[in-house]
Amino acid sequence: MKKVSVLLIGMILMAVPFFHGVSGAAPQTATLTLVELGLKDSLVFGNYEIKFTDVDQSWSRVNLEIYESGSRRATAILGYNQVYYYPSQDNPLLQVTVKYIQSYKKSILIEVGSPLKKVETGKQLNEGQTYTPTYLNGKVSIKLVDVTSSSAKFLVTVNGKSYEKVINVGEGSGFTYIISSDISYYPYVYIDVTTVSNNNYAKFDIYIPNYPATTASIKKANSQTPQEETQTTQATPEIVVYNDIMYAGEILKVHVNNTLYKLRLNSVGLYSSFSVFDANNTPLETFQVKSGNYYESKKAPLGVEVVKDSYDTDYNRLTLRLWAPKDSYAEPIKREANVKLLVDTSGKVLRLGDRFVITLRIANEGKGRALGIKLIPPEMSGFKVEAYPKEVSVKQLDAFSEYPLITYVLTPEGVGPYSIGAFKVEYYDEFGNKKTVSTGAVGGVAVYNVPDVKMSVDANYIKLNISETKEATVPVTVSVAKGNPSFEFIKNATIHIELPDGLSTYSTDVSLGDLSAGESITKNLTFTVSDEGAFPVGFKLTYTDVFGGSHEVELPSAVLIDSIQPVVIVKERVETVKVYPEPEELPSYVNQTLMGLDNESRLTLAEELLNVSKAYIPPEPPKTNWWAVFAIIFLIAALGFGAAYYDLKGKYAKALAKLEKRKPKPGGLPKKEEEEEEAQESLS
C-alpha cells in the first residue's frame, strides 16, 4: 500500500485539537491513530468498516457509511470536527470524527474511537504478582513491580510490547496497543491507582475500550481486501535498548550485530522528527513519530516509540523507547548536570526572641541528572538550631527540576552580631564524577533588644515661698537598664511636661537624644509660678526602638509645687464650762493628762490619785515572805558552821603543841611527867 505522507499529516495536525490524558482521571475515549481516506477508501476496524462514499461540491460535508460484517448499518453526513456516534449517542460503541477535509488532495482525515468503560474496580495485586485479564484474550498482562508509600510501578505488556510506568496514588496512565506501523490504539488499557501499601500491594481500577478490537487496516478503492503491511527485511526489534529522555539535537549510538547505527532527534513536537545514519554518518532515513506511537525503521533494525504525552517543547525533549534485536545495546548519552544551591532567608535584623529562617532549594539547570546529593551545612554557633526535615537524602535530581531541600529555624541565644557561612552540596554526575557547589556565605545577622527604661524625680513635693522666689527646679532622671550598648539602645528620647494653669517653663518638650544600655541622664527642669496655689506637674517619656516601635513611660502628677502662704488666724478667748468625763472615759483622760505634764507635776498628781484610789481598794491577804524564811535558814546554817570551825581550830592547836613536846632530846629516857600526860590525853 502507498504510505501516507507523514510529514504532511504532521503539518496538518498541528492546526487541529489533540486529546491529552488528564492526570488523576481516565480519558473518556480510546482512539485510533488518525487515518487518511480518499474517496471510496475504507477503514476496516475489527468487524466494522467505515467507508468514505461521497462529498458535496464545496468539500465541506462528507458522507460516511458504516458496515458490520459486510452489511451496511448506518450513514453519517459530517462536516469538519463533527462526531457521529454508532449505534446511538446514548449508548455508543464507536464514535467517528472528521478531523480534516483536504479538498486539494481529495481526501479526509478521520479519527475512530470507542468510549472507555471501567471493567474492574479495586483490583489488588501484591508486589511481584502478574495479572492477565481473560476478557482481553491474553493480549495484556499487568505486573506490579514495586510499591512505595505513594506510588506503584507497573510492567504492562500489550500485544507483546512492554511498558514500565510509575503511577502515583490518585493518578492513572494509559497503554498503547500497536496494531501496525501506522495505526495504534490508545489507551487500549488504562490503570487508575487508588490505594497503595508500601512494599506490599496496590489497588487499582482498570478501563478498556467499549470496543476492544485489535485489528485495523486501510482498504483502498481499487482493492477488494485490506492492504497488508509491507514486511521489512530488517531484523524485527525485540528488546528495549534505550528508555529515557532524549533532547533535540542529540545522537544516540546503537550497536546491532557489530554494526553501528546513529539515531538523531531532529525536532520535538506532536510529531517528532528523527533521522537514522550509518557509522559513516550517511543518512539512511528520516521519519516522524506521533506522540504515543511507534515507528519501525525500513532502513535499520530499529523501532522508535515516543511515549504518550512525553514531548516537552519548553526544553525540546521527549521520552524515547528504542527497540532493537537481542544482544543489541545503546551507548549512554553523556549529559552534564548544572546544580545550583539556592538560599532564601528571612530578615537579617532580629529582635531578641525572634527566629531567623533559612530555606535551601536545589535546582538542576543542566540536561544530566545529579545523583547522591549530600548537604554540608556551616557552623551555626550562637543559635538554637531546628531543621525540617531533620535528615536530607536526595538520591536523584532530574534535569531542569527543583527540589526543596531543607529549612533551618535559628533562635539566637543573645544580642549581638552573628555570621553564617556558606552551605555546600556534594553530588555525583551520571558518570560517577564528584562535584561540589556552594551558596556563598549567608552573611551577618544582627540581633537587637529593646532595653527597660525608667524615669524618676528626686522630690515629689516642693514648698515655694512666692514672696522670696517664683521658680522651682525639679531634677528628672531617665535611665536605661544595663546590657550591650551596641545592640540595646533607644532613639529620640523626649520628656514631655504636663503643666497646669499658673505654672510655666521654658519648653514643655525636652529632647534627650539616643540613650544606650547602662546610660543615665538627669535634666534639671525649672518652673515659674505666677500665683499662689498647689500645682501638680506630670511627665511623659517617649522614645523609639531600633525597629521603629514607639514606647511611653508616664509619671502623672509626679511633683506637687506648693506656693500657698501660711495664714495667721486670731481667735477671741471664750469662757468655757468644764465638763467632766464619763466614768468609762476617766482612765483614758487621766492617762492623757499625766502624759501632758512635766516629770515633777506628773509625780505629784500620780501620788495624789493613788491616795484617793487606795481607800476604795480592798486589802490583800498576807503573803509568806519567802525571802525572810530563806534568810533565817541561812543564818542558822552559818552559826553552825562557825561553831564547828572554832572547835576544830582548838583541837588543832593542842595537837600541834603536843608534837612540839615530843621532839627527841639528847640522851636519857622520857620524863615521867610526859608519860603521864600522854596517858591522860589518851584517856580523854
Side-chain angles (χ1 to χ4, degrees), residues 30-33 44-46 113-114 116 119-120 123 125 128-146 152-167 173-191 204 206-209 211-218 226-244 254 256-257 261 263 274 287 289-298 300-310 319-330:
T31 58
L32 296 176
T33 309
V44 179
F45 181 33
S114 180
L116 282 180
V119 291
E120 292 195 56
K123 176 63 181 178
L125 282 183
Q129 225 176 2
T130 300
Y131 172 58
T132 302
T134 56
Y135 47 81
L136 293 176
N137 300 320
K139 297 289 187 178
V140 175
S141 67
I142 303 169
K143 181 179 180 180
L144 181 60
V145 177
D146 186 32
K153 184 178 182 180
F154 293 90
L155 179 65
V156 179
T157 302
V158 183
N159 195 28
K161 185 170 178 59
S162 297
Y163 307 88
E164 195 171 71
K165 181 69 176 180
V166 176
I167 307 175
S173 182
F175 300 90
T176 302
Y177 191 111
I178 299 175
I179 297 175
S180 68
S181 59
D182 292 326
I183 302 177
S184 298
Y185 201 2
Y186 176 85
Y188 188 73
V189 61
Y190 187 93
I191 296 175
F204 51 93
I206 300 177
Y207 297 79
I208 66 170
Y211 185 59
T214 57
T215 59
S217 59
I218 298 173
Q227 180 166 343
E228 300 295 334
E229 292 293 324
T230 304
Q231 298 298 318
T232 177
T233 58
Q234 301 290 340
T236 302
E238 296 179 354
I239 63 170
V240 176
V241 295
Y242 186 84
N243 184 10
D244 207 341
V254 186
V256 181
N257 297 327
Y261 295 95
L263 176 68
F274 295 86
F287 53 89
V289 181
K290 183 183 176 182
S291 175
N293 282 8
Y294 171 87
Y295 177 82
E296 188 171 323
S297 173
K298 304 303 182 289
L302 303 174
V304 177
E305 178 189 354
V306 176
V307 175
K308 180 75 172 179
D309 296 335
S310 69
T319 301
L320 173 74
R321 289 195 184 99
L322 184 65
W323 297 74
K326 290 182 180 179
D327 300 326
S328 302
Y329 69 93

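All values below come from the heavy atoms of this structure, side chains included, with hydrogens, waters and symmetry mates left out.
- Side-chain contact between Thr214 and Tyr185 is absent, with no heavy atoms from C-beta onward closer than 4.5 Å.
- In this structure, Asp327 places its CG atom where only 12 or fewer heavy-atom neighbours from other residues, nucleotides or ligands lie under 6.0 Å away.
- Between the side chains of Ser162 and Thr157, at least one donor N or O sits under 3.5 Å from an acceptor N or O.
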List the steps and the verdict of side-chain contact (heavy atoms from CB on, under 4.5 Å) for Phe154 and Phe204. CA-CA 11 Å; Phe154 293 90; Phe204 51 93; 3.8 Å; yes

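- Shown here are the salt bridge (Lys or Arg N to Asp or Glu O under 4.0 Å) partners of Glu164, two or more places apart in sequence or in another chain: Lys153.
- Taking OG from Ser181 and NZ from Lys298, the interatomic distance works out to 4.5 Å, rounded to the nearest 0.5 Å.
- Contact record, Gly128 with Lys143: O-CE, 3.9 Å, taken as the closest heavy-atom pair.
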Step by step, would you call Leu320 with Asp244 a side-chain contact (heavy atoms from CB on, under 4.5 Å)? CA-CA 6 Å; Leu320 173 74; Asp244 207 341; over 6 Å; no

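- Shortest non-hydrogen contact noted between Ser141 and Thr130 is CB-CG2, 4.2 Å.
- Because its NZ or CZ atom is not both nearer than 6.0 Å to the ring centre of Tyr294 and within 45° of the ring axis, Lys290 does not count as a cation-pi partner of that residue.
- Geometrically, Lys123 engages Tyr131 in a cation-pi contact, judged by NZ or CZ lying under 6.0 Å from the ring centre and within 45° of the ring axis.
- Residues Val140 and Thr132 form no side-chain contact, since every pair of their non-hydrogen atoms from C-beta on lies 4.5 Å or further apart.
- In this structure a side-chain-to-backbone donor-acceptor pair under 3.5 Å is present from Ser114 to Tyr211.
- Inter-residue side-chain proximity for Thr33 and Ile179 is flagged as unmet; no heavy-atom pair is nearer than 4.5 Å.
- Rounded to the nearest 0.5 Å, atoms CZ (Phe175) and OH (Tyr188) are 14.5 Å apart.
- Counting only heavy atoms from C-beta outward, the side chains of Leu302 and Val254 approach each other to under 4.5 Å.
- One distance of note links CD1 of Ile218 with CZ of Phe45; it measures 13.0 Å at 0.5 Å rounding.
- Thr176 is listed as a side-chain neighbour of Tyr163, based on a closest heavy-atom distance under 4.5 Å.
- Interatomic distance, CD1 of Ile142 versus CD of Gln129, reported as 12.0 Å (0.5 Å rounding).
- Side chains of Pro301 and Tyr261 form a contact here, defined as non-hydrogen atoms less than 4.5 Å apart.
- Here the straight-line distance linking atom CG of Asp182 with atom CG of Leu32 works out to 12.5 Å at 0.5 Å rounding.
- For the pair Arg321 and Val307, the tightest heavy-atom approach, listed with the atom from each and the gap, is NH1-CG2, 3.3 Å.
- At least one side-chain heavy atom of Val119 sits less than 4.5 Å from a side-chain heavy atom of Tyr135.
- Below 30°, between 30° and 60°, or above 60°: for Phe274 and Phe287 the angle between ring planes is below 30°, a parallel geometry.
- Remark: Thr31 engages Thr29, Glu111 in a side chain to side chain contact (heavy atoms under 4.5 Å, CB included) (not counting sequence neighbours).
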Test log, rule side-chain contact (heavy atoms from CB on, under 4.5 Å), inputs Ile191 and Ser173: CA-CA 6 Å; Ile191 296 175; Ser173 182; 5.9 Å; no

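- Two residues are said to be in side-chain contact when any heavy atoms from C-beta on lie closer than 4.5 Å; Ser184 and Asn293 meet this criterion.
- The structure places CG of Asp309 at 10.5 Å from OG1 of Thr319, a figure rounded to the nearest 0.5 Å.
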